[in-house]
Amino acid sequence: MSAEERYNFKEVEARWQREWERSGIYKVTEDPSRPKYYALAMFPYPSGKIHMGHVRNYTIVDAIARYRRMRGYNVLHPMGYDAFGLPAENAAIQHGVAPDKWTWANIAEMTEQLKSLGYSYDWDRAVYTCRPDYYRWTQWLFLQLYKHGLAYRKKAPVNWCPSCETVLANEQVEDGRCWRCDSPVTRNELEQWFLRITRYADELLADLEKLPGWPERVRVMQQNWIGRSEGAEVTFTVEGTGDPITVFTTRPDTLYGVTFMALAPEHPLVEKLIAGRPEAEAVRAFRERVRNQSEIERTAEGGEKEGLFTGAYCINPLSGDRVPIWVANYVLMEYGTGAVMGVPAHDQRDFEFARKYGLPVRVVIQNPSRNLDPATMAEAYPEPGVMVNSGPFDGLPSEEGKERVVAYLEEKGVGRRKVQYRLRDWLISRQRAWGAPIPIVYCDRCGTVPVPESDLPVLLPEDLVFTGKGASPLARHEGFVNTTCPRCGGPARRETDTMDTFICSSWYYLRFADPQNGQAPFDRAKVDYWLPVDQYVGGVEHAVLHLLYSRFITKALRDMGYLGFDEPFTNLLTQGMVLKDGAKMSKSKGNVVSPEEMINRYGADACRLFILFAAPPERDLEWSDEGIEGAARFVNRFYRMVRSALPVLERARGTDRQAALRPEALGEAEKALRRVVHGTIRKVTQDLTDRFGFNTAIASLMELVNAFYEYRSQVPEDRQNPAVLAEAAESAVLLIAPFCPHLAEELWHQMGHTESVHLQPWPTYDEAALTVETVEMAVQVSGKVRDRIRVPVSATEEEIRAAALAAEKVQPHIAGKEIQKVVVVPGRLVNIVVR
RNA sequence: GCCGGAGUGGCGGAACGGCAGACGCACGGGACUUAAAAUCCUGGGCCCCGGGAGGGGCGUGUGGGUUCAAAUCCCACCUCCGGCACCA
């Protein structure tokens with residue numbers, strides 16, 4: 001093949017990217033006359049260059065967006081940057097580059113790379129969370145939450161990452177380590193801002209039911225994280241002082257089995273209980289030791305249970321028993337009430353604790369199949385059974401007992417039904433400077449004062465000094481800190497913590513509906529038109545973080561009257577990772593494949609094609625150098641297919657194609673090619689509509705290309721049917737457009753069209769072209785394929801049966817045998833069952 | 001421990017009650033070429049019998065079951081991956 005016939009992807013891709021940008025074909029506005037489709041990829045942190053994970057994510061969404069556009073939808077397909085965050089600050093400390101400079105340089109580079117991949121974004125809608133015109137509204141969001149009692153400040157034990165020098169939310173601690181830098185997290189008592197996500201715990205859990213378009217896996221992860229459990233609160237009374245100690249339990253039926261009370265070492269009552277007692281010093285020392293343990297140490301595997309007797313006793317409200325009060329390291333102050341009733345016979349943790357410290361074990365639920373003996377039990381019996389040693393409740397099945405005990409406690413006023421969640425409020429203060437400042441002022445006279453909306457944004461100073469030591473640069477910036485109270489006008493100090501960047505990303509999908517709005521975060525009518533997101537795509541690592549936060553913010557804004565829907569993301573696709581040599585790509589492993597290099601060597605279309613073809617989107621994808629070469633080869637093969645047919649196609653110009661495609665006008669070879677063409681249209685359409693079967697859709701396209709070559713090699717050039725070839729080539733180009741947009745656009749124009757291929761309607765298949773006169777069917781004898789027969793599609797079951805029984809290779813297998821049954825599956829197979 | 005997902009040729013994967021291995025990668029053979037690259041055609045799950053055309057058996061993690069028919073449905077188990085986990 002001559003040099004100029006080789007597909008010059010570099011020139012073609014650059015040319016069409018320029019043209020699309022010039023003509024603005026991907027720009028969208030609201031259009032009530034068309035159905036809308038909002039396709040969204042999780043926007044990136046501008047870390048420097050894009051990696052293969054990004055390419056995969058955005059290629060999937062781009063294919064979806066392009067397909068929907070051709071199907072007649074008004075498609076919103078935006079992109080932006082989650083641009084606040086620690087790496088920018090670290091760069092400032094290490095290299096002395098200002099965080100905004102560093103960030104904007106990265107954004108410029110990544111944008112250029114994204115453009116080189118030919119994604120169909122409406123770039124006019126890009127949002128940058130670090131820009132005042134965006135974070136102004138992040139601050140506005142905070143103020144609304146504050147106004148509605150959903151943002152509050154409290155002193156609490158919090159997760160502190162010593163390396164990032166900031167606190168973290170619970171969701172951002174994994175196995176006791178910082179999600180970002182992997183350092184062990186410590187516990188600190190600090191005054192911090194929280195968002196009351198727990199107020200929505202119930203709805204966040206219940207509404208998972210409304211998300212059938214989410215992967216089961218993600219819903220289960222959120223369910224686990226929210227951790228709802230039903231039980232009761234029961235109040236014990238301290239002997240002597242009468243102080244109440246309330247516990248949460250899921251097993252009110254075991255209340256008669258309580259043999260000790262266990263308090264978290266940090267429990268507020270501990271100090272009063274031990275005051276003046278000989279145990280006081282030891283308990284205080286124990287408390288300090290536990291408090292200083294890191295999350296990892298405290299929850300280490302096995303978890304040796306430790307505790308100390310306080311010297312005090314309390315009274316069981318049900319049995320009247322006198323119960324010793326202990327402090328124990330396994331009781332967490334953050335969950336429930338920070339106090340646990342110890343029932344060794346029926347709770348494994350209590351059991352271990354009781355055995356270690358010689359506390360009594362009292363069986364109150366009897367195992368129906370094997371009698372439990374407290375003296376010999378080797379482990380707790382947590383299963384249901386029959387209540388014993390429980391006064392008036394003896395003989396009740398334990399499940400029923402739960403109800404009866406709670407009812408009794410409520411009647412006596414010493415307990416009540418309670419639903420407890422594992423989910424805790426979202427800690428959002430960050431002691432970092434490169435983030436959206438929390439719009440709060442502290443005034444000696446007025447206290448905590450929110451910045452008025454009209455004063456937003458609270459701007460980040462541009463002259464921050466990053467030393468990496470001591471307090472945040474924001475806290476050390478006098479010009480920022482010192483201000484006047486918006487209420488009384490007196491001297492005041494600004495809050496110097498910034499917001500968790502997950503707040504910035506918890507509402508960005510709303511801003512895309514109205515990104516330039518200077519008067520409000522978004523216009524309700526525009527949001528009503530575009531939202532919710534029809535298809536969201538991203539990594540599963542945000543299953544609990546970003547996706548839970550966004551659901552919460554959506555519900556909060558809905559309750560404030562700003563939104564009219566309950567859930568932000570109707571359908572979610574969690575794409576798999578891109579691996580190399582079986583492992584996640586990372587600099588330390590040295591197995592990183594650079595998208596930039598691949599695009600340079602093989603072209604954007606080949607990269608996109610390989611990534612879509614190599615694995616279904618939700619599965620991990622193993623990068624293969626040979627694989628992408630194969631994809632590049634196919635791009636060329638496709639290009640040559642159309643190029644070499646252009647002279648023949650020229651003959652179809654201006655003729656009546658529909659007339660030329662009438663069945664009477666076609667020979668067998670033409671009909672066969674048309675069958676493949678229309679079969680492929682059907683297959684690709686199905687694969688893109690009801691699932692994301694990009695890999696099988698592309699496989700089907702490859703079969704079409706193979707059939708095209710076969711036709712051209714088997715029918716002499718002068719006898720080739722121009723109308724059939726034109727239909728095949730046009731269909732192929734339209735079908736490949738979502739995957740290889742440059743290739744499709746180039747060929748579309750070479751075929752003589754002047755409008756963009758991406759604005760064309762999606763092809764439809766012709767049922768008539770799919771019909772066949774005869775079908776081949778397999779003939780099985782007792783389930784094994786022995787022969788094949790060709791029968792007319794119109795053949796009756798009786799005729800098929802006769803043909804099968806007469807088939808040559810079937811004879812030896814049925815000769816002399818009794819035919820028990822013949823199963824005929826028309827169009828597929830015949831199974832002759834013999835004995 | 002509880003919950004979820006996945007195990008199919010040398011490799012990525014397809015089929016999700018009806019002919020296992022579509023499509024591609026890698027590999028073998030052939031054509032074109034002085035040669036190579038590129039391209040085009042072609043072969044192939046594994047084992048056994050046959051010189052050959054051909055024939056037979058076994059095959060979707062393991063063991064059972066349902067069915068004329070199971071990768072697909074049911075039961076039990078194994079392995080790997082992921083989530084939660086001293087949450088009362």
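This is a predicted model, so every value here is computed, not measured. Throughout, a chain's letter reflects where its sequence line sits, starting with A, and its residues are numbered from 1.
If you measure from atom CD of A:E703 to atom P of B:A15, you get 12 Å, rounded to the nearest angstrom. For A:F613 and B:C11, the CZ to C1' distance is 13 Å, given to the nearest whole Å. The CD-P distance, from A:E171 to B:C84, rounds to 10 Å in whole Å. Atom CD1 of A:I832 is separated from atom C1' of B:G18 by 15 Å (rounded to the nearest Å).
Of the P atoms belonging to B:G12 and B:G65, the separation is 32 Å, rounded to the nearest Å. Rounded to whole Å, the P atom of B:A37 lies 14 Å from the corresponding atom of B:A31. A distance of about 15 Å separates the C1' atoms of B:U8 and B:U62, rounded to the whole Å. To the nearest whole angstrom, the two P atoms, one in B:A38 and one in B:C74, are 48 Å apart. The gap from the C1' atom of B:A76 to that of B:G82 amounts to 24 Å, rounded to the nearest Å. B:C46 and B:U39: their C1' atoms are spaced 33 Å apart (whole Å).
RNA chain B is contacted by both A:I698 and A:V220; A:V220 maps to the nucleotide lying nearer its 5′ end (nearest heavy atom per residue). Residues A:R788 and A:D687 each lie close to RNA chain B; by heavy-atom proximity, the contact nearer the 5' end of the strand is made by A:D687.
Note on A:E622: nothing from the nucleic acid sits closer than 4.0 angstrom, heavy atoms only. Using a 4.0 Å heavy-atom distance criterion, A:Q820 is classed as making no nucleic acid contact. Within 4.0 Å of A:V340, counting heavy atoms only, lies at least one base atom of the nucleic acid. Across all strands shown, A:R712 has no heavy atoms under 4.0 Å from either base or sugar-phosphate atoms. Counting any heavy atom pair closer than 4.0 Å across all strands shown, A:R228 reaches no nucleic acid atom.
When only modelled atom types and interatomic distance are considered, A:D321 and A:Y256 share no side-chain donor-acceptor pair under 3.5 Å.
For B:C2, the paired base is B:G83 (Watson-Crick or G-U wobble, both distances below 3.5 Å). Nucleotide B:C11 forms a Watson-Crick or G-U wobble pair with B:G24, both donor-acceptor distances falling under 3.5 Å.
Listed nucleotides: B:C68, B:A88, B:A22. Nearest to the side chain of A:N831: B:C68. Side-chain proximity of A:W225 to B:C25, B:A88, B:C84: nearest is B:C84.
Side-chain to base pairing of A:K305 with B:C86: one donor and one acceptor N or O lie within less than 3.5 Å of each other.
Listed pair A:R217 / B:A6 fails the phosphate criterion, with no side-chain N or O lying under 4.0 Å from OP1 or OP2. Residue A:N695 places none of its side-chain N or O atoms closer than 4.0 Å to OP1 or OP2 of B:G24.
Relative to the ring axis of A:Y709, A:R637 places its NZ or CZ within 45° and under 6.0 Å from the centre.
Other residues, nucleotides and ligands contribute at most 12 non-hydrogen atoms within 6.0 Å of the CZ atom of A:R217.
How far CG of A:L548 is from CD of A:E171: 6.5 Å, rounded to the nearest 0.5 Å.
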